[in-house]
There are 2 protein chains.
Amino acid sequence: MDGHKTDESARTGEAGTPGPKKRRTSPAARELTDVDRRILEVLSADARIPNSTLAARVGLAASTCHSRVRELEERGVIRGYHADIDLEATGSPLQALVAVRLRAGARHLLRDFTTRMRSRPEVLDLYFLASDDDFLVHVAVPGSSALRDFVLEQLSAHPEVASTQTNIIFEHTWVAAFPGARAAE
Amino acid sequence: MDGHKTDESARTGEAGTPGPKKRRTSPAARELTDVDRRILEVLSADARIPNSTLAARVGLAASTCHSRVRELEERGVIRGYHADIDLEATGSPLQALVAVRLRAGARHLLRDFTTRMRSRPEVLDLYFLASDDDFLVHVAVPGSSALRDFVLEQLSAHPEVASTQTNIIFEHTWVAAFPGARAAE
DNA sequence: TTTGAAATGCGATAAGC
DNA sequence: GCTTATCGCATTTCAAA
């Protein structure tokens, strides 16, 4: 599982420093402008803010702001908008992070495993790690018995799973959608 | 704002399920109806869907649907709406989960620690775990040197931190906002 | 007491400057 | 990138079940 090379060796210099106003010619990897960044910041804090209000906050006309947002959506910078739901209200107040280690000989079942995890209703997030534990599965369940059932039936019972370790979550705090974004605008 | 009573506490039992038709008397913890649940499901997949479309999807009139959504917001079931941002586009493609163990004698600094973590721009999520009185800090950074700086300067350098373990994330998949919600509607 | 339909004001969207 | 104009949606009101 170790020894993977990251593929981000080709990193150009930062544009933040003063210098030549060279035009960025790669549209897909174009860097974000300062206004773009502020738009993302506001939308990550409140995705349903009216476009006119957003425009005023970032100092743009409404139409301009709208086209910027659309461009960010089309470029894939904004991947979507999601409602943040109170898990207690949905009847699943118990959260856990389950560390899963796969059997070394069953790595070809990795895709099956991720597919199954993503199809399970209890699963909220799936972290594929570089460490000894291959996955960290973030789940929410109604109670401890449902947690036990999930771990036993969806993880331990499967042959590709070598071991699991279940960690109860006392509290999960969402801080930001991306680095630099602040909840307190 | 505060704990005022909603004026619609008289909700009769559902006719669908057999059983006692006991009236729910706790308004704050009132259970979600089937329609509520479907609304949450759609909004967690696409928070900016037009209300008219949402209403059609859940089989409600637009006005009714709108009042339901507002009620869910006021009850705190919907805690907010957030844009989902591509971390690579923001220039922080490297993610990690840092496990932090606090010194047993410094548990009174727990609040300071969480406050500091939430003020750091690199931090995306903060998990307070039951396992070893540990935290799991989800961060995104531009590269490995920024990750090293964060761990050394924001964690190891502080006296309340007993130990850290940094786990690189190969891939992070957001699956659902709450149990049962499916991305593929 | 909750739903559905109609009316109005505001915001989203597109064309021109 | 801003201004204006049009269109569509959000929101309220009211009638009905």
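Below, read A as the first sequence line, B as the second, and so on, with proteins coming before strands; counting in each chain starts at 1.
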Between CD1 of B:I39 and C1' of C:dT3 the distance, given in whole Å, is 13 Å

B:I49 atom CD1 is separated from D:dA10 atom P, nearest whole Å, by 10 Å

From CG of B:L60 across to C1' of C:dT2 the rounded distance in Å is 10 Å

Of C:dT13, D:dG1, D:dT11, the nucleotide closest to the side chain of A:N51 is C:dT13

dist B:S44:OG -> B:F178:CZ (nearest 0.5 Å) comes out at 5.0 Å

Out of D:dG1, C:dA5, D:dT3, minimum distance to the side chain of A:S63 belongs to D:dT3

Checking C:dA14, C:dA12, D:dA10 against the side chain of B:S52 (C-beta onward), the nearest is D:dA10

Regarding the side chain of A:A61, the nearest nucleotide among C:dT13, D:dT3, C:dG4 is D:dT3

Open item on the list: Using a heavy-atom cut-off of 4.0 Å across all strands, would you classify B:R48 as base, sugar-phosphate, or nothing?
Closed with: nothing

Here the distance between atom P of D:dG8 and atom CG of B:L54, to the nearest Å, is 20 Å

Atom CD of A:E71 and atom P of C:dA12 are separated, to the nearest Å, by 18 Å

Testing D:dT3, C:dG4, C:dA14 for proximity to the side chain of B:T64, the answer is C:dG4

A:R68 CZ to C:dA14 C1', in whole Å, measures 18 Å

CD (A:E160) and CZ (A:R103) are apart, to the nearest 0.5 Å, by 8.5 Å

Among the nucleotides C:dG4, D:dT11, C:dT13, whichever has the atom closest to the side chain of B:H66 is D:dT11

CG of A:L126 to CZ of A:R118, rounded to nearest 0.5 Å, is 8.0 Å

- prompt: Does the ring center of B:F113 lie less than 6.0 Å from the ring center of B:H158?
  reply: no

